[in-house]
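Following: one structure in structure tokens, then a few remarks.
No hydrogens, no waters, no symmetry mates; every other heavy atom, side chains included, goes into these values.
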Amino acid sequence: RDLHSFPTRRSSDLDNATKAAAAQHGTRLQALATLLFAALLALALFVVMGQNIARLIAASARDFPTLRALGTSGRQRFAIALAPGALVAMAGALLAVPVAYGLSVFMPIGLARQAEISPGWSFDTGVILLGALGLVVLLTGRAALSAGHAALAAGRAARAQADGSRPIEVTRDTAAA
């Protein structure tokens with residue numbers, strides 16, 4: 001075959017391909033950094049909200065002896081302790097959806113913003129609703145753990161009191177043993 005029959009690349013085509021590859025690499029790195037930042041922020045918020053919910057449940061568990069005396073079952077006390085945490089989780093999800101939509105105007109950032117075909121308001125239903133559902137499930141699960149612990153501790157204390165003995169208190173000395 002003749003060498004002139006092979007398609008040749010012009011230098012501008014090569015430059016465009018190189019630029020496109022560099023842009024794709026640059027946006028991939030920015031996307032990964034944004035994803036890692038969001039994951040760390042979500043983890044930090046989960047820990048802080050989990051602690052706040054646990055404190056809320058611990059405060060409501062102080063009423064368990066009175067509720068037990070009024071005839072509530074262990075499951076009912078568990079539900080009573082779980083309700084505030086579940087409500088906080090649902091309220092957080094209901095607030096997170098419009099906030100995510102409101103902040104969508106600022107995304108993407110960097111080079112990806114220049115390449116975005118339609119920048120501005122965006123509502124990705126699947127991602128936003130899946131994130132809201134994940135928020136509700138995780139925080140309600142954390143609340144369920146705390147509520148279960150509070151209900152079990154109250155049950156142990158009530159049984160110990162009925163036996164005439166004192167409930168075992170976990171202090172720093174007994175926890176270290």
Pairs under 3.5 angstrom only: tabulate donor-acceptor contacts from the side chains of residues 43-67 to other protein residues two or more places apart or in another chain.
unit_1	atom_1	unit_2	atom_2	d
Asn52	ND2	Val48	O	3.4
Ser60	OG	Ile57	O	2.9

Return the minimal non-hydrogen interatomic distance between Ala86 and Ala143, and the atom names on each side. N-CB, 4.5 Å
Nearest heavy-atom neighbours spanning Leu135 and Ala96: CD2-CB, 4.5 Å
Nonpolar side-chain network containing [X], other nodes, edges under 4.5 Å:
X      : value
Leu36  : Leu32
Leu94  : none
Val136 : Leu87, Met90

Who pairs with Arg142 by side chain to side chain donor-acceptor pair (under 3.5 Å), at least two apart in sequence or on another chain? Ser146
In terms of hydrophobic clusters joined by side-chain contacts under 4.5 Å, are Val99 and Tyr101 together? yes
Single-linkage hydrophobic cluster Val105~Val97, side-chain heavy atoms < 4.5 angstrom: yes
Which donor-acceptor pairs under 3.5 Å do side chains of residues 119-134 form with protein atoms, sequence neighbours excluded?
none

Rounded to the nearest 0.5 Å, what separation is found between the CG atom of Leu145 and the OG1 atom of Thr140? 11.0 Å
Out of curiosity, Leu41 CG to Phe37 CZ, how far, rounded to the nearest 0.5 Å? 5.0 Å
